[in-house]
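Below is one structure, written out as structure tokens, with a few remarks after it.
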Amino acid sequence: MTAEGVVPPWWTRSGVLVFLLLLSLLPLLQPGLPPLTDLPGHVARWHIATAPDASPLHHYFRVEWAWVGNLGTDLLAVPLIGLFGPVGAGHAIAILIVALNVVGMIALSRAVHGRMAEVGLFALPLAFAWPFQMGFVNFELAQGAALLALAGWIALGKRGHGTIRAGLSIPVSLILWTCHSAGWGLFGLMAFGAEIAARIDRGDSLPIALRKAVLACLPLAAPLLPMLLAAPPGAGASASADWFNLPNKLLWVASTFRDRWQWVDLGSLGVILFLLYVAWREPRLRFSRRLLLPALFVAIAFLILPRLMMGGAYVDMRLVPAIWILLLLSVGPAVDLRLGRTLALAGLAFLAARTVAVTLSFAERLSERRTELRLISHIPTGSAVLALNYRPCLRDWSDGRDDHLPAFAIIDRDAFVNEQWAIAGQHYLKVAYPQAGPFQADPSQHVYPSACAQEGRSLTRALSTFPRNAFGHVWLNGIRLKDPRRFGLETVWREGRSTLYEVVGSAALPRVERDLPDAGRRGERAGT
């Protein structure tokens with residue numbers, strides 16, 4: 001009971017919020033590494049970084065630790081691998097990321113509204129939004145920490161502890177940048193918007209509110225110092241591309257909940273849109289400017305940023321869930337208790353439905369992955385494997401999430417695989433295997449039909465031109481070769497969508513390049 005003797009609504013009680021947190025974690029409680037697209041690649045990198053001196057991995061990779069804005073899960077993994085092993089560490093970190101995002105949402109609602117607002121319950125399933133499903137674990141860790149930091153920023157501002165907040169902002173911003181630079185940028189946008197709204201709520205005019213918000217946010221610029229001091233020449237100089245691609249941006253919005261079943265995921269987005277429309281029209285619900293303005297700033301950044309920037313992909317897409325989270329959390333508690341109870345029950349039902357859907361999806365993906373990974377035992381320890389992941393011109397809503405599946409050969413067999421990221425100024429991992437030529441690192445594992453050659457290297461060209469003295473095996477995923485000997489390959493193992501080939505001969509690039517006879521026929525792919 002409260003000080004006035006009024007029983008608080010059930011959805012605001014600590015015990016219920018703990019239950020909602022545990023419910024949100026249910027999809028991750030299944031055994032095995034969660035089926036997130038990039039996660040095996042991250043786990044493989046951690047494994048390389050902690051491998052003993054005698055490991056053959058040191059013949060292929062070099063670890064040069066540096067303070068860069070992309071280290072969140074890597075720093076956590078170093079002690080966790082000693083306790084749980086690489087896969088166990090990856091599992092634990094995935095659970096931590098979801099928990100941090102859910103706790104951050106709850107804390108943010110309480111900081112703004114004084115308690116967990118009913119509409120805010122609909123935001124909790126966004127902990128499993130598409131950027132998380134894609135396995136952007138460093139960014140997702142930073143996003144969860146940014147939500148929690150924003151809650152602290154708003155709470156300290158309400159209490160008038162501006163000096164304390166300014167002092168804390170320096171280490172907090174450095175931590176966020178270390179986790180992932182985009183997470184630091186996200187926090188800066190949100191804090192700036194929240195501060196402008198707070199100043200306006202106190203009666204300041206917009207120009208004065210802007211000036212005071214800029215001054216208040218200056219400590220958040222602390223990461224600029226390590227960025228300027230530590231960046232090697234040319235770091236982050238990768239060209240930005242795909243600016244103002246409206247069709248792509250609409251796809252990113254539609255893909256907010258993208259997982260396995262398109263009608264379920266689009267229907268979930270429809271629920272969010274309908275709910276926000278109702279909240280806008282319903283006089284018994286009010287939006288808080290302290291989260292509406294941050295949502296607006298993040299939305300503007302989403303529209304301005306390109307898809308490719310500083311070596312990173314899907315830079316704009318990563319911001320979409322944060323927009324929805326801020327909009328949903330901005331809706332305050334209902335004035336009418338009956339309406340509040342109805343919204344809370346609906347929010348609980350929405351969370352339960354999304355949790356069940358993701359849990360079933362993960363169970364199917366883990367089963368599929370176990371089938372694929374049976375070929376691992378046929379890879380010699382310490383060997384070099386060319387990974388080729390065949391991507392059709394038009395990808396399914398539920399893609400195979402196999403972009404970094406061959407990373408398990410690094411984890412389990414200490415093999416070299418060409419799927420690791422190695423961008424100067426972004427990663428501490430360096431590839432030390434020049435024999436691999438252009439097939440040293442991500443994205444060289446992606447191959448396409450010749451019909452969409454603009455996307456990247458075609459499968460036919462990759463099989464005909466890879467350095468055959470550098471690789472003993474080829475792991476081809478997503479398609480089967482009708483005549484592998486045409487490319488100097490011999491089938492070793494075939495399971496599901498994956499086939500392992502041994503390199504036994506030579507191959508010449510055809511004079512007129514064309515797709516393999518079965519390259520475009522989906523019926524040739526196992527599992528379809």
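Quantities reported herein were computed from a predicted structural model and do not represent experimental measurements. Excluded from the calculations below are hydrogen atoms, water molecules and symmetry mates; all remaining heavy atoms, backbone and side chain alike, are included.
Contact detail for Leu57 and Ile410: the closest heavy-atom pair is CD2-CG2, 3.9 Å.
Ring geometry for His378 versus Trp493: interplanar angle under 30°, hence parallel rather than tilted (30 to 60°).
Cation-pi geometry between Arg318 and Phe136 is met: under 6.0 angstrom from the ring centre, within 45 degrees of the axis. At least one test fails for Arg369 against the ring of Phe408: distance under 6.0 Å to the centre or angle within 45° of the axis.
A salt bridge does not link Asp442 with Arg45: every distance from a Lys NZ or Arg NE/NH1/NH2 to an Asp or Glu carboxylate oxygen is 4.0 Å or more. Salt-bridge formation is detected for the pair Asp259/Arg401: a Lys NZ or Arg NE/NH1/NH2 atom is positioned less than 4.0 Å from an Asp or Glu carboxylate oxygen.
Using a 3.5 Å distance cut-off with no hydrogens or angles, the side chains of Arg365 and Ser398 do pair a donor with an acceptor. In the model, Asn469 has no side-chain atom that pairs as donor or acceptor with a side-chain atom of Gln435 under 3.5 Å. Side-chain contact of Trp184 with Ser173: a donor-acceptor pair under 3.5 Å is absent, judged by distance alone.
Trp252 pairs in a ring-ring contact (aromatic ring centres under 6.0 Å, His included) with only one of the listed residues (Phe257, Phe302, Tyr314), which is Tyr314.
Applying the ring pair (Phe, Tyr, Trp, His ring centres under 6.0 Å) criterion to Trp261, with sequence neighbours excluded, gives no partner residue.
Considering only heavy atoms from C-beta on, Tyr433 stays 4.5 Å or farther from Gln440 through its side chain. Residues Phe132 and Leu126 form no side-chain contact, since every pair of their non-hydrogen atoms from C-beta on lies 4.5 Å or further apart. Counting heavy atoms from C-beta on, the side chains of Cys452 and Arg391 never come closer than 4.5 Å.
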Derivation and outcome, side-chain hydrogen bond (donor to acceptor under 3.5 Å, both in side chains), residues Asp414 and His47: CA-CA 9 Å; Asp414 280 6; His47 176 61; 2.8 Å; yes
